[in-house]
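Scroll down for the structure; my scribbles are underneath it.
Quick caveat: nothing in here was measured; it's all calculated off a predicted structure. Lettering follows sequence order; numbering is per chain, from 1.
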There are 2 protein chains.
Amino acid sequence: MKEGLRERTRRAVRAELAQVAIDLFARQGFDETTVEDIARAAGMTKRSFFRYFPTKEDVVFDGIDLTGENVVADIAARPADERPWECLHHVLQAWQEEIHASEQALATIRLIEATPALAGRLHQRRTEWRRRVSDALQHRPGTDLDPYTADLLTNAATAVLDAVSSQWARSDGNANRPALLDQGFNQIHVDPNPQQE
Amino acid sequence: MKEGLRERTRRAVRAELAQVAIDLFARQGFDETTVEDIARAAGMTKRSFFRYFPTKEDVVFDGIDLTGENVVADIAARPADERPWECLHHVLQAWQEEIHASEQALATIRLIEATPALAGRLHQRRTEWRRRVSDALQHRPGTDLDPYTADLLTNAATAVLDAVSSQWARSDGNANRPALLDQGFNQIHVDPNPQQE
DNA sequence: GACTATCATGTCACCAAGTGACAGATGACG
DNA sequence: CGTCATCTGTCACTTGGTGACATGATAGTC
C-alpha cells in the first residue's frame, strides 16, 4: 500500500510544520510570524508550505480536534429515546473533557482566542461543523425534528460552548470547562416541538 | 462647525463607495472584484479607498445596521422588572423587524452569507457586539446576573438569530424573519439563576 | 487679494499571503 | 538501467494593505 505510506509521511510533515508554527506563534505572535519564517524553520520553502496547508491559519488546527470531528458519529450512536438537548449535552460533555485534559489543546485555544484571524477561521470551521451536527440531530432514529428546530438546538449548544470559552478566558484559564459546560446545558432548555397555536 | 461639515462629506463619500462596491460585488462577485476596481469606479485611487474603509470587507457593512448598534441602548431602556430573556426577545424582535422591512438590508445579508470572507467579518463584529450586549444585560437596573449567565443569554439570542438566517436562506428568502425569531425565542428558555446544588 | 495652515488625494515603494508554471531531484518499480 | 510519478525549489505575478512624501484645493485671517 504505497498510498498509505505516502499519506503517512505527508502527515508527519504536516505535524512537524504545525509544531514549528505554533512555537513561533507563541513566541512572537501570529501576525509577526511570516509563512516564510515557518517554512524556513521547518527546512522548506514558502511555496512548499502552501502545498501542505491552504492558509497560514490552518496550520494551527492540525492535530487537535477543536471542531469535534467525531461528534457527528457520537450523536448517531446515542440511544434513540434520548431527548435531543440531552443528547447534545452528553456528546459535547465527553468531547469537552477530552479537550480539557490536553494541555496542548488548551494552549491552542488560548492562541486562537487571542488572534482575530484565527478566531475567524475557527468560526468558519464551526459553521460547517454545525451544519453536520444539525443534520445528524435531525436524522437520528426515533426523532422527528424540523430543520429549524435542529438548528436551534445546535446553535444553542454552540452558545454554551462560546460562553464556556469566555468564562474560561475571564478566569485566566483556571475555570473547569466541563463543569461550566454542564451548568450551561442545565440553564438552557430547548423545546423540541414548535409552539402549536 | 467645520468639523460637522467635514464629517458630512466624509459620510457621503463612504456611502458612494459602499454603493459602487455592493453593485460590483452583486454583479461579479466579491473575490472577483478588486479594490482597485471599486476605487476606479468611484473615481479615486486604491490608496484613497483605504482611507475610508480599513478593509475591503468593511465597505459592505456601511449604512445598514446589521450589528444592532442601538440594541445596547434599547436594552437599558426596557422596564426593570422584565426578565432578561424576554428583554432580549423584545429588543431583537424590534430590530429584526426594521431589517426585514429593508430590501437593501436583505440583499446585503444574502451577499454576506454567500461570501465566506464577509461572513467572517460579520462574526467578528458580532463578537464585539455580544460583549456589549452581555454587559448591558448584566448592568441593567433591577437585575443581578453573573457574567457567565449574561453570556449564556446573549449567546442563546445570537443562536436564534443564526437559526433564523439559516431557515431564511433555506426558504430562498421567502420566510418571515420576525416570525421565525419569535418562534425561536419561544422554543428556548434560559434560566437566569445558576442551579443550586 | 495675498498668506497660511489644513486636509484630501495621488504617487511610489513596499510587505505579506497566495497561486500558477516550469524545471530539476529523488525514488519506486519493471 | 530506464521510466514514471511525486516532491521540491525557483520565479513571476496578483491582490490586500501600509507608510512616506509631494501637491493641490480650500477655508480663515490680515
Do Ile22(B) and Leu118(B) share a hydrophobic cluster, counting only Ile, Leu, Val, Met, Phe, Trp and Tyr and linking them when any side-chain heavy atoms are less than 4.5 Å apart?
no
B/S/- along nucleotides 18-26 of chain D (protein heavy atoms under 4.0 Å) is BBB------
Is Arg110(A) salt-bridged to Glu103(A), cutoff N-O under 4.0 Å?
yes
Any side-chain hydrogen bond (donor to acceptor under 3.5 Å, both in side chains) pairs touching residues 21-45 of chain B, not counting sequence neighbours?
Gln19(B)-Asp23(B)
Figure out the CE/C1' separation between Met44(B) and dT11(C), and round it to whole Å.
16 Å
Relative to each other, are the rings of Phe185(A) and Trp85(A) parallel, tilted or perpendicular (30° and 60° limits)?
tilted
Using a cut-off of strictly less than 4.0 Å, decide whether Tyr52(A) has a side-chain nitrogen or oxygen near OP1 or OP2 of dG18(C).
no
Which of these, Val60(B), Thr115(B), Thr108(B), sits in a side-chain contact (heavy atoms from CB on, under 4.5 Å) with Phe25(B)?
Val60(B)
Phosphate-side-chain proximity, Thr45(A) and dT8(D), N/O vs OP1/OP2 below 4.0 Å:
no
Nearest whole angstrom, please: distance from the P of dT9(C) to the CZ of Arg14(B).
13 Å
Lys56(A) NZ to dC15(C) P, in whole Å, measures 16 Å
One thing to verify: whether Arg125(B) and Asp58(B) come together as a salt bridge, which I'm taking to mean a side-chain N less than 4.0 angstrom from a carboxylate O.
yes
Side chains of His90(A) and Glu86(A): donor-acceptor distance under 3.5 Å anywhere?
no
Mind listing the residues from residues 17-35 of chain A sitting with a heavy atom below 4.0 Å of DNA chain D? Number order is fine.
none
Given atom CD1 of Ile38(A) and atom P of dG18(C), what is their separation to the nearest angstrom?
10 Å
Determine whether the side chains of Thr149(B) and Asp146(B) contain a donor N or O and an acceptor N or O closer than 3.5 Å.
yes
Separation of Arg10(B) atom CZ from dA8(C) atom P, in whole Å?
7 Å
